[in-house]
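Worksheet: one structure, shown below.
Computed from a predicted model, the values in this text were never measured in an experiment. Counting convention: from 1, in listed order, for ligands and their atoms alike.
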Amino acid sequence: MTRYRPGAHRPYDLILKKRNGSSLNADEIGYLVAGFVAGEIPDYQMSAFLMAVYFRGMDEAETAALTMAMAESGQVLDLSEIAPEAVDKHSTGGVGDKTSLVLVPLVAACGVRVAKMSGRGLGHTGGTIDKLESFPGFNTALTRRQFLDCVTRAGLAINGQTGELAPADAKLYALRDVTATVDCIPLIASSIMSKKIAGGARGIVLDVKVGSGAFMDTQERAEALARTMVGIGRSVGRRTVAVISDMDEPLGLAVGNAVEVREAIETLSGRGPADLRRLCLALGAEMLILAGRAADPVAAGKMLEGALASGEGLRRFRAMVEAQGGDVTYVDDPGRLPKAALEAPVEAPADGFVQSIEARQVGLAAMQLGAGRARKGDPVDLAVGVVLRKKVGDRVRAGEPLAVALADKAELLPAAVERVRAAYRLASVPPAPRPLIAGVIRD
Ligand code: URA
């Protein structure tokens with residue numbers, strides 16, 4: 001853990017240096033981060049620094065130094081004894097993104113131990129930890145010892161990020177959130193990579209989302225973020241691959257918590273939506289290659305398909321639920337997962353083809369119904385959400401359901417139904433196809 005060294009620098013000088021467009025060295029960046037975490041550098045100076053970074057950017061060395069200063073601001077997990085390959089995956093956040101629930105057991109089924117840290121949903125995007133709490137008893141706040149034990153026993157575990165890991169990130173993120181500095185590539189890249197490194201990852205597979213439901217709404221920005229993170233990995237000795245994937249429509253059909261868990265179980269059972277399955281296979285292949293289990297994507301794909309077909313992926317999922325204290329009867333019978341009391345169809349206003357589905361709006365509709373939270377700490381309703389019936393490219397007839405809104409409170413339904421209807425754009429001709437995977441960036 002990096003200690004604050006009072007008097008080593010003056011915050012004012014470092015803010016000025018960055019504001020004037022010069023680069024800071026690792027010592028200067030480490031001083032700012034450690035001072036901020038120690039409460040010695042006040043919010044107003046750190047805010048000014050963040051805004052200077054927002055306008056001036058950071059070069060590769062600075063971004064790597066910021067990442068390591070954040071990673072080393074707390075505990076850094078050492079997974080070398082239990083999972084020497086220690087490959088982790090991170091998504092930049094999307095709507096209907098339940099890939100971790102499918103991918104982690106599939107990769108574990110191929111013989112790679114996975115110790116995954118995940119987050120809760122915020123705003124229009126969901127979070128794996130909330131989804132897993134659909135299983136009664138599932139413990140997402142394992143101690144370090146329990147977490148490592150689960151990985152050793154079951155071959156995998158998914159845990160909530162504790163305050164001890166990269167505390168600088170949590171503190172900086174809260175400040176960025178209120179100073180209009182979230183949307184800044186070096187700050188996003190260092191935030192994500194610091195948490196992965198603190199979590200013990202030696203190899204990192206990033207799912208960088210692009211489109212209307214993602215932080216990065218253009219291919220250009222998604223590639224810039226992906227390159228920045230791969231560059232950080234190179235600078236700090238972590239093998240990193242970034243897959244750029246489409247988030248212009250929700251992934252799969254289900255958006256919410258329990259509904260997404262059900263869809264993940266379906267997918268692990270060899271069914272499930274094609275886009276979800278394809279993305280899990282693509283990300284899983286990169287994980288197996290980084291872990292040294294497969295030589296190339298074709299070999300890796302075969303291993304993952306085998307784990308799906310044999311049911312071993314689903315068995316691993318069940319083993320994880322059991323190891324983390326969850327009720328496995330809900331895996332065996334997903335019909336037991338929380339169910340909403342009410343549902344309302346979102347009817348197509350006309351005949352046509354679905355041109356686009358604004359993912360952010362669908363995510364916001366699910367949030368309005370109670371599936372997400374507007375503020376950190378708000379409770380979520382595990383049962384509610386939105387299930388799409390039509391995806392981009394599908395043909396619809398007027399009055400046919402485009403989607404179904406699931407609610408526990410009747411008064412929340414009309415606005416959510418209207419929002420989902422407005423998220424769909426229909427046209428008389430089919431849309432041009434968009435690739436699910438828009439690029440892979442390797443070191
Ligand atoms: N996700 C993160 O973890 N950090 C950011 O800054 C943005 C998205």
Lys/Arg N to Asp/Glu carboxylate O, R227 vs E223, below 4.0 Å: yes
Salt-bridge present (E263, K131; N to O < 4.0 Å): no
Closest approach of any protein heavy atom to atom 7 (C) of ligand 1, naming residue and atom: I188 CG2, 3.6 Å
Nearest-contact summary for atom 3 (O) of ligand 1 - protein heavy atom, Å: K195 NZ, 2.5 Å
N-O pairing of R293 and E85 below 4.0 Å: yes
Results of salt bridge (Lys or Arg N to Asp or Glu O under 4.0 Å) for D378 - residues two or more places apart only: none
Proximity flag V182 to ligand 1, non-hydrogen atoms under 4.0 Å: no
Taking atom 1 (N) of ligand 1 as the reference point, the nearest protein heavy atom with its distance: I192 CG1, 3.9 Å
Lys/Arg-Asp/Glu bridge criterion (N-O < 4.0 Å) met for K17, D13: no
Pairs flagged by ring pair (Phe, Tyr, Trp, His ring centres under 6.0 Å) wherever residues 22-54 is involved - sequence neighbours left out: Y4-Y31, H9-Y31
Proximal atoms of ligand 1 relative to S191 (non-hydrogen, under 4.0 Å): 2 (C), 3 (O), 4 (N), 5 (C), 6 (O)
Heavy atom of the protein closest to atom 8 (C) of ligand 1 (residue, atom name, distance): F215 CE1, 3.5 Å
Any N or O of R176 closer than 3.5 Å to N or O of ligand 1: yes
